[in-house]
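One structure below.
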2 protein chains.
Amino acid sequence: MTSSTRGPGQRAGLDRTRVLAEARALLDEVGLVGLTMRSLAARLDVAPNTLYSHIRDKSEMVDLLLDEVLADVPVPTPGRVRRDPVGALRRMMTASYDALLHHPDLVPHYLTRQGARGPIARRLGEVMMDALGHIGLTGTSAEKAMRVLIVNTIGFAAFSTEGGRDAGPLPTREVRASHAHALDWLLAGITGETG
Amino acid sequence: MTSSTRGPGQRAGLDRTRVLAEARALLDEVGLVGLTMRSLAARLDVAPNTLYSHIRDKSEMVDLLLDEVLADVPVPTPGRVRRDPVGALRRMMTASYDALLHHPDLVPHYLTRQGARGPIARRLGEVMMDALGHIGLTGTSAEKAMRVLIVNTIGFAAFSTEGGRDAGPLPTREVRASHAHALDWLLAGITGETG
DNA sequence: ACCTGAACACCGTTCAAGT
DNA sequence: ACCTGAACACCGTTCAAGT
């Protein structure tokens, strides 16, 4: 079951996407602590070092998983962003908060590692800059506003998930309300910036 | 040098405070990644398992270090808090931000673990609640405001120190400015809460 | 190109024993 | 009470070799 009889040279039918899909599944089951190169290899029924044929190292794998989480965040259309930029920002940040809550273990890494720097995260960043532009912010002040919103979201997501996957039914209502409240305060500050 | 010739039963003159002091020194030198039970034992010139005579496990040690970092935050006097509660909050959060920046590796743990729950952190929390009370907030709304301010500070500290101890001369000016700006927006929202 | 066996250089922690 | 040797159950990663 754990390691079949397969000699060197005999394929196991693995590819990069399969490895990543199984990594995500394993992450959901056992958390980041349980997601080791060796446990992932066991699940795929290959030797641990086989993974290095498909992935550079563990940190690359984690980075890819981080970006995938953000795929659950709906991207508003340019028209919608133009018509209601503040609402678009509010929805994006709330959806991001919810997406992050589904993967408590990963959250701290968004703040630590360059984290949200994969293609999906970059796309979200572009849309945010677009929305801020419609509010009247550009350049460094827009970047500052974006940082503020991102930190608020990731910070509260991390705060909501203390202790990883053991701390009760995920978003204690109070913390979720705090995130929404802080978001409003920040958006008020950001829009007031231009007046 | 690394391991002297000492038989079982022969004391090394260790105690809990000495262990913690040396752990903090080692942390400053090599970062959290380099702070292992074995490296700390080597520095103290004892066997690795000796540490368990003075500390329950590694997580307890990290928790104690987390709390120690906050000792650098000046606690305002009750009179000062009464006279200028908003200013007191601003100074406390800014000082906390700066203190956290001195220990980049530790920052994510303040959001992840119950983190800031040691005696020093609890004392700071009490003073914050006192200040919020003078502004006019009590109960759950005061707790919400406190959460918002704490998340903002820790979040930006984490954001300031991407990649731990390798990312340039610590606070990129822009991020530090963002923290100050967000702090003002949040304090404005908090004080507006009561009007 | 994909996979293996074997090994390297580590971890945190426990257990029994010594003084 | 404090410390040791030895061991357990792990890690991530590399290297040479096989098809």
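Chain letters run A, B, ... following the sequence lines, proteins first, then strands; residues in each count from 1. Bear in mind the structure is a predicted one, so any value in this text is a computation, not a measurement.
- Not counting sequence neighbours, A:Asp72 has no partner by the side chain to side chain donor-acceptor pair (under 3.5 Å) test.
- For the pair A:Arg16 CZ and C:dA1 P, the interatomic distance rounds to 15 Å; values are reported in whole Å.
- Between B:Ser59 atom OG and B:Leu66 atom CG the span is 10.5 Å, to the nearest 0.5 Å.
- Residues in residues 83-100 of chain B take part in these salt bridge (charged side-chain N to carboxylate O under 4.0 Å, His left out) pairs, two or more places apart or across chains: B:Asp84-B:Arg91, B:Arg90-B:Asp184, B:Asp98-B:Arg176.
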Does the side chain to side chain contact (heavy atoms under 4.5 Å, CB included) test come out yes or no for B:Asn152 and B:Leu183, once each step is laid out? CA-CA 7 Å; B:Asn152 181 246; B:Leu183 179 57; 4.1 Å; yes

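- Every pair passing side-chain hydrogen bond (donor to acceptor under 3.5 Å, both in side chains) that includes a residue from residues 142-151 of chain A is listed here, sequence neighbours excluded: A:Lys144-B:His181, A:Arg147-B:Ser178.
- Atom CE of residue A:Met129 and atom CG of residue A:Leu137 lie 9.0 Å apart, to the nearest 0.5 angstrom.
- Note on B:Thr50: a side-chain N or O is less than 4.0 Å away from OP1 or OP2 of D:dT4.
- Atom P of nucleotide D:dT14 and atom CG of A:Asp57 are separated by 8 Å, given to the nearest angstrom.
- In this structure, the CZ atom of A:Arg18 is 18 Å from the C1' atom of C:dA1, given to the nearest Å.
- In this structure, B:His179 and B:Tyr97 have parallel ring planes: the angle between them is below the 30° cut-off, well short of the 60° mark.
- Atom CG of B:Leu51 and atom P of D:dC2 are 13 Å apart (whole Å).
- As a whole-Å value, the separation of B:Ile55 CD1 from D:dC2 P is 13 Å.
- Within the 4.0 Å cut-off from OP1 or OP2 of C:dA1, not a single side-chain nitrogen or oxygen of A:His54 is found.
- For B:Ser53, whose side chain is taken as the heavy atoms from C-beta onward, the closest listed nucleotide among C:dG12, D:dC2, D:dT13 is D:dC2.
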Might you list the N or O atoms of the protein lying below 3.5 Å from N or O atoms in nucleotides 9-11 of chain C, with each pair's distance?
none

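- For the pair A:Leu40 CG and D:dT13 P, the computed distance is 12 Å after rounding to whole Å.
- Between C:dC10 and D:dA9, the two P atoms lie 22 Å apart (nearest whole Å).
- Of the candidate nucleotides D:dT13, C:dG12, C:dT4, C:dG12 has the atom nearest to the side chain of B:Tyr52.
- In DNA chain D, runs of at least 3 stacked Watson-Crick or G-U pairs (N1-N3 plus N6-O4 or O6-N4, or N1-O2 plus O6-N3, all under 3.5 Å) give these stems: C:4-8 with D:12-16, C:12-16 with D:4-8.
- B:Thr153 has its side chain out of reach of B:Tyr110: every pair of non-hydrogen atoms, C-beta onward, lies at least 4.5 Å apart.
- Considering only side-chain atoms of A:Ala47, the nucleotide from C:dT4, C:dT13, D:dT13 that sits closest is C:dT4.
- A:Met61 places its CE atom 8 Å from the P atom of D:dG12, with the value rounded to the nearest Å.
- Every pair passing salt bridge (charged side-chain N to carboxylate O under 4.0 Å, His left out) that includes a residue from residues 32-44 of chain B is listed here, sequence neighbours excluded: B:Glu22-B:Arg43, B:Glu29-B:Arg43.
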